[in-house]
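Right, one structure below, let's go through it.
We name chains A, B, ... by the order of the sequence lines, and we start the count at 1 in each one. What you see is a predicted model; the values in this text were computed from it and never measured.
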Number of protein chains: 2
Amino acid sequence: MKPKLNDVAQLAGVSVTTVSRVINNHGYLSQQTKDKVFAAMHELHYQPNNMARSLQGKNTQLIGVIFSDIRNPFFGELVSRIEKLLFAKNYKVILCNSADDPQKERDYLQMLMANQVDGIIAGAHNLGIEEYQQYGLPIISFDRYLSDNIPIVSSDNYHGGYLAAQALHQAGAKDIAIFSGKNQPGSPTNGRLEGYKDYLKEKNLISHVHELPFELSPALKTMEIKSILKQAHYDGIFCSDDLNAMLTISVARQLNISVPEDLKVVGYDGTEIIRNYSPELTTIEQPLADISTLLVSLLLQRVADANCDLEKEYVLPVKLVKGITA
Amino acid sequence: MKPKLNDVAQLAGVSVTTVSRVINNHGYLSQQTKDKVFAAMHELHYQPNNMARSLQGKNTQLIGVIFSDIRNPFFGELVSRIEKLLFAKNYKVILCNSADDPQKERDYLQMLMANQVDGIIAGAHNLGIEEYQQYGLPIISFDRYLSDNIPIVSSDNYHGGYLAAQALHQAGAKDIAIFSGKNQPGSPTNGRLEGYKDYLKEKNLISHVHELPFELSPALKTMEIKSILKQAHYDGIFCSDDLNAMLTISVARQLNISVPEDLKVVGYDGTEIIRNYSPELTTIEQPLADISTLLVSLLLQRVADANCDLEKEYVLPVKLVKGITA
DNA sequence: ATTCATATGTCAAACGTTTATCATATTTAT
DNA sequence: ATAAATATGATAAACGTTTGACATATGAAT
């Protein structure tokens with residue numbers, strides 16, 4: 001059997017009370033006793049049972065992290081960073097891939113509650129999840145409105161869209177389209193779309209909006225892109241994420257449209273993996289380090305003090321990363 | 001306050017015992033009572049406290065999943081699949097990125113113990129972690145020997161290396177190098193290396209082994225690759241993972257070595273993201289769906305019965321995915 | 001009329017910890 | 001010498017749930 005508090009106490013020749021005091025650093029303790037107890041804990045490979053501790057009212061040190069799917073490199077990097085930051089603060093991450101399935105997201109929320117997580121970082125994008133409000137749990141949202149008292153951290157999507165359009169235009173493009181995600185109300189891609197539109201309006205250019213639903217498989221997206229590129233003759237395309245940009249560039253090559261000479265492309269996200277392994281792509285970089293740091297820091301503030309005053313929205317600046325595609 | 005068993009009981013007008021019996025489907029219960037109880041649970045948004053349940057001896061339904069870093073698309077996809085499979089079986093994943101840091105891995109193991117996880121899937125690659133043996137916890141390992149009683153699931157690295165060399169050779173290459181990871185004993189890349197070497201030996205070709213340490217940044221790897229490509233004149237390179245292959249191809253382009261005409265390249269891993277977004281890459285595909293299914297299934301067998309008989313090693317077949325780079 | 005399966009209740013112990021209360025030493029400072 | 005600070009222990013309640021023991025009631029089958 002796993003060693004318990006009592007076993008440690010016996011081995012160390014002290015009372016359970018004392019062992020517990022050592023572990024929780026509570027009350028008066030001599031160095032000698034601490035040493036004895038730690039030695040015993042070590043010898044037995046003792047690990048306090050977190051279930052029992054948390055029943056007693058201690059934090060579980062568990063944080064639920066909900067995103068649609070870490071296979072998307074953007075979420076992969078974000079979750080990886082969040083995990084690293086939380087680990088450093090002695091928290092553990094329960095990973096929840098919602099797969100853009102509202103029911104799965106709901107189920108996960110319930111599970112997280114049942115597991116007494118201390119808080120949640122949510123970047124999954126299903127609207128109408130009133131569940132988020134009903135649990136009085138610390139929650140911070142990434143890039144999505146969830147409810148009035150849940151702070152949102154996001155990058156400056158509007159400015160990103162604006163910058164992207166500007167980059168295409170300044171690189172010489174005149175006929176500039178956007179391949180955006182599905183434009184649900186409250187979705188972050190809306191900001192990108194608006195920024196794009198506003199820039200074009202300023203320059204008296206016409207905007208061309210194509211929706212490329214998130215959930216399409218790459219093969220279907222490829223078909224869709226191919227059909228668009230064949231019938232319209234854009235010389236600039238702003239893709240609302242880097243993967244779509246990669247696809248667009250690859251389709252263009254297939255159609256003998258040379259990038260960037262005939263067609264300029266700008267992506268969005270700028271993850272490490274894209275910057276490292278596809279440095280040719282011009283893209284709008286979201287500040288992932290700052291985003292994750294802020295998400296974690298805000299959440300831990302709320303965990304420490306459920307009523308602490310936080311802003312409703314934190315918008316972090318984006319920047320253009322020049323490759324050669326625009 | 002969160003509703004408890006007692007609150008549900010009162011609302012439903014039954015005893016706590018009955019509510020608990022309903023939840024655990026234990027003993028005789030009328031449909032009417034069940035309905036009343038479920039209705040009350042629903043009305044109160046009741047969620048049983050898993051901490052209390054697991055203290056009582058129930059499973060936590062928590063599984064620790066340790067890999068070096070989900071930013072690597074291979075681990076990202078693997079973890080994503082594992083998460084999905086476990087979720088379907090009502091398990092939750094505690095995500096552990098060991099970052100190739102033995103101390104972090106050790107700390108994580110302790111944390112997982114403290115959190116009473118029901119089992120662990122480990123794909124982190126730090127040797128000499130005797131900790132794995134000392135906890136009597138169900139563990140399944142991916143692609144790495146951990147200890148005698150821990151089953152290993154892996155793809156057929158040897159055959160993968162063999163296939164890769166063969167593909168390069170059959171595409172016309174004669175001077176075939178391998179860019180492998182660090183060749184620690186027991187590391188999976190060893191198999192790939194051996195397969196590569198054996199194929200070349202069969203064909204009376206000379207093997208050229210270059211180690212490209214995992215932990216190098218892409219920029220440093222790029223430098224390294226550049227220097228290798230400049231001084232040697234290989235016409236075929238087997239990279240022991242797809243990201244290195246991407247880097248190699250991109251360096252080749254910079255040096256005006258055209259792929260595949262002057263240099264053929266084969267990668268390893270064949271994740272969805274690579275196949276979808278870089279279909280030009282010829283690579284050895286690891287069967288991620290089967291790997292994750294097997295990892296989860298073996299683990300759950302061990303969770304159900306700690307002493308169930310499992311093989312020491314499960315080797316799954318790989319296959320060559322033809323792109324245009326070889 | 002008796003037995004048996006079904007259905008529910010009361011009560012209490014148990015899981016492993018934390019923590020408050022009280023008690024009792026031993027040291028240190030005044 | 002006395003008070004205060006330091007150090008430890010014994011005991012027990014509490015966290016929320018499960019489960020076994022036991023009691024009791026209803027309805028159905030014999």
Side-chain angles (χ1 to χ4, degrees), chain A residues 1-41 44-62 110-118 135, chain B residues 1-41 44-62 110-118 135:
Chain A
M1 267 322 289
K2 267 184 210 163
K4 305 161 204 261
L5 212 51
N6 194 18
D7 303 319
V8 178
Q10 282 192 247
L11 181 60
V14 298
S15 70
V16 272
T17 310
T18 301
V19 178
S20 178
R21 278 177 183 148
V22 170
I23 291 172
N24 297 284
N25 204 21
H26 188 263
Y28 293 119
L29 291 165
S30 71
Q31 192 56 49
Q32 198 197 357
T33 305
K34 288 191 202 169
D35 292 345
K36 269 194 303 185
V37 171
F38 281 128
M41 286 180 17
L44 294 175
H45 296 114
Y46 171 76
Q47 280 299 122
N49 181 326
N50 275 351
M51 303 296 145
R53 304 187 85 188
S54 99
L55 239 204
Q56 254 299 318
K58 294 255 167 194
N59 281 352
T60 56
Q61 305 293 116
L62 287 171
Q110 304 225 322
M111 271 191 173
L112 293 176
M113 298 306 297
N115 278 281
Q116 316 295 115
V117 295
D118 294 338
Y135 313 109
Chain B
M1 265 326 286
K2 265 183 212 167
K4 304 158 206 267
L5 212 52
N6 194 20
D7 303 319
V8 178
Q10 283 193 245
L11 181 61
V14 299
S15 70
V16 273
T17 307
T18 302
V19 178
S20 178
R21 279 176 183 150
V22 170
I23 291 173
N24 296 285
N25 203 22
H26 187 263
Y28 293 120
L29 291 165
S30 70
Q31 192 56 50
Q32 198 197 359
T33 304
K34 287 191 202 169
D35 292 345
K36 271 194 304 186
V37 170
F38 281 128
M41 286 182 11
L44 294 175
H45 296 113
Y46 171 77
Q47 280 299 123
N49 181 326
N50 274 351
M51 304 296 143
R53 304 188 85 186
S54 99
L55 239 204
Q56 256 300 318
K58 295 254 167 196
N59 280 352
T60 56
Q61 306 292 116
L62 288 171
Q110 304 225 323
M111 272 189 169
L112 292 175
M113 297 308 296
N115 278 281
Q116 316 295 118
V117 295
D118 294 338
Y135 313 110

Quiz prompt | Working for side chain to side chain contact (heavy atoms under 4.5 Å, CB included), residues A/Met113 and B/Lys2 | solution = CA-CA 10 Å; A/Met113 298 306 297; B/Lys2 265 183 212 167; 3.8 Å; yes

Quiz prompt | Rounded interatomic separation in angstrom, taking CG from B/Leu55 and P from C/dA13 | solution = 18 Å

Practice problem: Using atom CG of A/Leu5 as one end and atom P of C/dC15 as the other, report the distance to the nearest whole Å. | Solution: 14 Å

Self-check item: Closest non-hydrogen atom pair, A/Ala12 against A/Val37
Solution: CB-CA, 4.1 Å

Quiz item: Under a 4.0 Å heavy-atom cut-off, which of residues 45-53 of chain B touch DNA chain C?
Solution: none

For a quick test of your reading: what N or O donor-acceptor pairs under 3.5 Å do the side chains of residues 23-30 of chain B make, sequence neighbours left out?
from	atom 1	to	atom 2	distance (Å)
B/Asn24	OD1	B/Arg53	NH2	2.9
B/Asn24	OD1	B/Lys58	NZ	3.1
B/Asn24	ND2	B/Ser20	O	2.9
B/Asn24	ND2	B/Ser20	OG	3.4
B/Ser30	OG	B/Thr33	N	3.1
B/Ser30	OG	B/Thr33	OG1	2.8

Quiz item: To the nearest 0.5 Å, how far apart are CG in B/Leu112 and CD in A/Gln47?
Solution: 10.0 Å

Quiz item: How would nucleotides 23-30 of chain D be written as a contact map, 5' to 3', with B for base contact, S for sugar-phosphate-only contact and - for no contact, using protein heavy atoms under 4.0 Å?
Solution: --------

Self-check item: Separation of C/dT10 P from B/Gln10 CD (nearest whole Å)
Solution: 11 Å

Report each atom pair, protein N/O against N/O of nucleotides 25-30 of chain C, whose distance is under 3.5 angstrom.
none

Quiz item: Reading nucleotides 3-9 of chain D from the 5' end, what letters show protein touch, with B for base, S for backbone sugar-phosphate only, - for no heavy atom under 4.0 Å?
Solution: --SBBBB

Quiz item: What are the two closest non-hydrogen atoms of B/Val14 and B/Lys36, and how far apart are they?
Solution: CG1-NZ, 4.0 Å

Quiz item: What's the CD-P distance between A/Gln61 and C/dT17, to the nearest Å?
Solution: 16 Å

Practice problem: Measure from CG on B/Asp35 to P on C/dA7 and round the result to the nearest Å. | Solution: 13 Å

Quiz item: So A/Asp7 and A/Tyr46, side chain to side chain contact (heavy atoms under 4.5 Å, CB included) or not? Walk me through it.
Solution: CA-CA 9 Å; A/Asp7 303 319; A/Tyr46 171 76; over 6 Å; no

Practice problem: Starting at CG of A/Asn115, measure out to OG1 of B/Thr60 and round the result to the nearest 0.5 Å. | Solution: 7.5 Å

Self-check item: Inter-residue atom distance A/Gln56.CD - A/Asn49.CG, 0.5 Å rounding
Solution: 12.0 Å

Quiz item: Reckon B/Asn24 touches a base, only the sugar-phosphate, or nothing at all at heavy-atom distances under 4.0 Å?
Solution: sugar-phosphate

Quiz item: Is B/Lys58 near enough to D/dT19 that one of its side-chain N or O atoms lies under 4.0 angstrom from OP1 or OP2?
Solution: yes

Quiz item: Which angle, to the nearest 10 degrees, lies between the helix axes at the two ends of the helix from C/dA1-D/dT30 to C/dT30-D/dA1, each defined by five pairs?
Solution: 30°

Quiz prompt | Heavy-atom closest contact (A/Pro3 atom, A/His45 atom, distance) | solution = CG-O, 4.2 Å

Quiz item: Can you tell me how far P of D/dC15 sits from CD of A/Gln116, to the nearest Å?
Solution: 14 Å

Self-check item: Worked check of side chain to side chain contact (heavy atoms under 4.5 Å, CB included) between B/Gln116 and B/Leu62
Solution: CA-CA 8 Å; B/Gln116 316 295 118; B/Leu62 288 171; over 6 Å; no

Self-check item: Closest heavy-atom pair and its distance - A/Ala9, A/Val19
Solution: CA-CG2, 3.6 Å

Practice problem: Could you state the atom-to-atom distance from CD of A/Gln56 to P of C/dT19 in whole Å? | Solution: 7 Å

Quiz item: What's the CD1-P distance between B/Ile23 and D/dT17, to the nearest Å?
Solution: 7 Å

